[in-house]
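Heads up, the thing below is written out as C-alpha cells.
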Amino acid sequence: METFPATRELLARFVAHPTVNGHEKPLALEIARLAEKIGMRVQVDDLGNDRANVYAEAGEGPCLLLCGHLDVVPAEGEWQSDPFTLRDEGECCVGRGCADMKGAVAAMLTAAERALARGLTGMKLALLFVADEESGNTGMKRFLATHPDCAEACIIGEPTEMEAAVAHKGVARYWVDLAGRAAHSSTPALGVNALTHAAQAILALEAYNQQLAKTLHPILPPKTVCVTMLQGGERENIVPAHASLLVDFRIFPGETEPMAAAALRGVLEPLQKADPDFSFAMRRHCYLPGGILPAEHPWTQTVCRITGETLGRTCKAVEFRASCEQALMLEAGVPTVILGPGSLREAHTVNESLPWAELEQAVAVYGRLIDNFAQEHAVHKELNLPDGAWQGVNG
C-alpha cells in the first residue's frame, strides 16, 4: 500500500500550487485524491474560473469540521527564493501561504489520515477547504448555502501560533467618491479640487480613528478606520474633478454593515455642511461581520483544555487580529474556534515563514480534538443527551 505523504511533503505540494486569489481548483483536486486514498467521501464543488471547494467526510454521527482556505495573496516584493517552492530554513519553512494557511490544511489532512487509521467511531469527521477567502468568501458562502446544519463544532486553521482564538473584528470597506469641478491648473480658483476634498476626508477619518482608540471590548482591541487607497487626477495640468478613497473600517461583533456605513457618513457629513462645494457618495466595496464565541462556551473550554494538555502549557481564549470566516460559521449556528500554526505577523509578508515545530503541534492538537470529540459524543449517547448542539461534556 502506498505510504501517505508526510505533513512536510503535503505542505510542499500545496505551496507549489500558485493559488493567488484564484486558481484553487487544481489544489482542490489534489486534496480530493488524497482524501479519497484514506477512505473519505469527497465532493469537489466547481465555482467556475478555475476555482473550487473540496469537502471530505468519513464516519457517521455528530460532525467535527476542520476548515481552511486554499487561496493566497500575491507574492510581491523581493523574495529570497521562489515563493511557490517551499524552502527549509532551519527551524522554519518559507513559502507563500505556508502560514496563511496551507500549513494548517496539511496538518488537518494528516490528522484525518491518522484518525481514520486508528478507527473512527460514533462521529463524522469532515474537512472543508474553500476558495476565495482572501477576497469575497465565495467558497464559504456557497458551502453554507448547500450544507445547512453542517457540523456540531468547527476549527478554522488560520495562523494563531496555536492559541485558541475566539473573536475577530468585522470589516466594512467602502469607496468614498468625492466630486469637484475641473479647471485649467493655471487658474485653480475656477475649479474645485477633488483631491483637496480627499485630503480633508482623510484627516477627518484619521481623527475619527483616534476616537475609536478609546472603544473597549472584553477580548478584542479597539475598532479602527483607515484609508488604504486613493485614486484621483486626470492630467498634470487639470484641476481634478473626481477622487476616490477606499476606507477600511474594523468593527466589533454584533455591529452591522448599515451601522458601519452610518458611522462613516457621520464623519463626512459635517465636511459637507461646512463647505457647499464638498460632495461625496459612498459605495460598499465588501463586508464581513465580526464573530465571537464566548470564552465560557463549552467548545471554547474544550479546545483550550485539549490544546493546553497536548502542548504542555496554559491555553486561554484570545483574539484574532484579522477578519476570517469564523463569523460565517457562527451565523450558521456552528460553534467555531480559530486555531492554527504560524503567526499572523507572517501572513501576506515577503518570505512568509512557518515554524516546523508548530506544524507538528497542529497535527497533534487536531488529532487530540478528533479523539476527544468522539469520546464526548460517546458520553452523550450513554447519557441519552441530544447531539443537535455542542454540549461540551468535560472531564
Side-chain angles (χ1 to χ4, degrees), residues 5-24 26-28 30-31 34 66-111 127 129-135 155-165 168 221 228 307 310-313 315 318-326 337-367:
T7 315
R8 293 188 182 196
E9 182 182 341
L10 289 175
L11 178 54
R13 290 190 191 183
F14 298 167
V15 168
H17 287 272
T19 55
V20 178
N21 291 341
H23 309 294
E24 299 95 339
L27 177 53
E30 178 168 356
I31 291 173
L34 290 163
L66 305 181
C67 179
H69 63 82
L70 301 177
D71 56 325
V72 298
V73 297
E76 298 175 347
E78 296 185 8
W79 285 66
Q80 294 175 357
S81 58
D82 177 5
F84 299 106
T85 299
L86 192 69
R87 175 166 56 89
D88 187 333
E89 195 173 86
E91 296 181 353
C92 296
C93 59
V94 175
R96 172 54 85 222
C98 63
D100 186 19
M101 55 168 289
K102 291 178 178 178
V105 173
M108 288 173 172
L109 192 55
T110 299
L127 304 176
F129 304 126
V130 300
D132 192 38
E133 188 274 345
E134 296 287 5
S135 181
I155 294 291
I156 292 181
E158 293 281 5
T160 66
E161 301 178 56
M162 295 307 298
E163 297 289 350
H168 67 91
T228 59
T307 302
T310 306
L311 302 183
R313 59 170 170 79
C315 178
V318 298
E319 82 280 4
F320 186 63
R321 289 296 178 106
S323 63
C324 76
E325 294 180 327
Q326 181 210 32
V337 173
I338 311 159
L339 175 70
S343 170
L344 195 59
R345 293 188 299 272
E346 290 294 321
H348 303 189
T349 63
V350 173
N351 300 314
E352 177 181 350
S353 68
L354 168 70
W356 289 121
E358 286 188 22
L359 184 67
E360 297 305 325
Q361 288 173 358
V363 174
V365 171
Y366 296 153

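Predicted model only: the values in this text are computed from it and were never measured.
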Any side-chain donor paired with an acceptor under 3.5 Å for Thr19 and Glu24?
no

How long is the span from the CE atom in Met162 to the CG atom in Leu359, to the nearest 0.5 Å?
10.0 Å

Could you check whether any side-chain heavy atom of Phe320 comes within less than 4.5 Å of a side-chain heavy atom of Leu339, counting everything from C-beta outward?
no

Any donor and acceptor pair, going by atom type alone, linking the side chain of Asp132 with main-chain N or O of Glu134 inside 3.5 Å?
no

Looking at Trp356 and Cys92, would you say the former's side chain and the latter's main chain have a donor-acceptor pair under 3.5 Å?
yes

Between His69 and Asp100, does any side-chain donor sit less than 3.5 Å from a side-chain acceptor?
yes

dist Arg8:CZ -> Cys93:SG (nearest 0.5 Å) comes out at 8.0 Å

So does Gly22 get a backbone contact from the side chain of Asp71, meaning a donor-acceptor N/O pair under 3.5 Å?
no

With a 3.5 Å distance limit and no angle check, can you tell me whether Glu89 reaches the backbone of Val94 through a side-chain donor-acceptor pair?
no

Just by modelled atom types, is the Gly97 backbone N or O under 3.5 Å from a matching donor or acceptor in the Lys102 side chain?
no

Audit row: Phe129, Leu127, side chain to side chain contact (heavy atoms under 4.5 Å, CB included) steps and yes/no
CA-CA 7 Å; Phe129 304 126; Leu127 304 176; 4.0 Å; yes

If we ignore hydrogens and angles and just use 3.5 Å, is the side chain of Glu346 paired with the main-chain N or O of Ala99 as donor and acceptor?
no

Could you walk me through whether Ile155 and Cys67 pass the side chain to side chain contact (heavy atoms under 4.5 Å, CB included) test, one step at a time?
CA-CA 6 Å; Ile155 294 291; Cys67 179; over 6 Å; no

Nearest 0.5 Å please: distance from the CZ atom of Arg321 over to the CG atom of Leu344.
9.0 Å

Minimum heavy-atom distance Arg13-Leu34, with the two atoms named:
NH1-CD2, 3.9 Å

Taking all non-hydrogen atoms of both residues, which atom of Phe84 and which atom of Val15 are closest, and how far apart?
CD2-O, 3.5 Å

Do Arg87 and Ser81 have side chains that approach each other closer than 4.5 Å (heavy atoms only, starting at C-beta)?
yes

For Glu358 and Gly342, work out which heavy atoms get closest and say how close.
OE1-N, 2.7 Å

The reported gap from OG in Ser323 to CD in Glu158 (rounded to nearest 0.5 angstrom) is 8.5 Å

Looking only at heavy atoms, what is the nearest atom pair of Gly103 and Pro341, with distance?
C-CG, 4.1 Å

When you measure from the side chain of Arg96 to the backbone N and O of Thr349, does any donor-acceptor pair fall under 3.5 Å?
yes

Minimum heavy-atom separation for Glu325 and Ile156, please, with both atom names.
C-CD1, 3.6 Å

Could Arg345 and Glu161 be called an ion pair, given the rule that one side-chain N must be under 4.0 Å from one carboxylate O?
yes

Here the pair of heavy atoms bringing Pro159 nearest to Met101 is CD-CB, 4.5 Å

For His17 and Glu30, which I'm curious about, is there any donor-acceptor pair between the side chains at under 3.5 Å?
yes

Approximate separation, where rounding is to 0.5 Å, of Thr7 OG1 and Met108 CE
13.0 Å

Identify whether the distance between the nearest side-chain nitrogen and carboxylate oxygen of Arg313 and Glu163 falls below 4.0 Å.
yes

Got a second to check how far Ile31's CD1 is from Leu10's CG, nearest 0.5 Å?
9.0 Å

Might you work through the side chain to side chain contact (heavy atoms under 4.5 Å, CB included) test for Val20 and Val73, ending with a clear yes or no?
CA-CA 5 Å; Val20 178; Val73 297; over 6 Å; no

Apply the test side chain to side chain contact (heavy atoms under 4.5 Å, CB included) to residues Val318 and Thr160: give CA-CA distance (whole Å), side-chain angles for both, the deciding distance (0.1 Å), then the verdict.
CA-CA 9 Å; Val318 298; Thr160 66; 5.9 Å; no

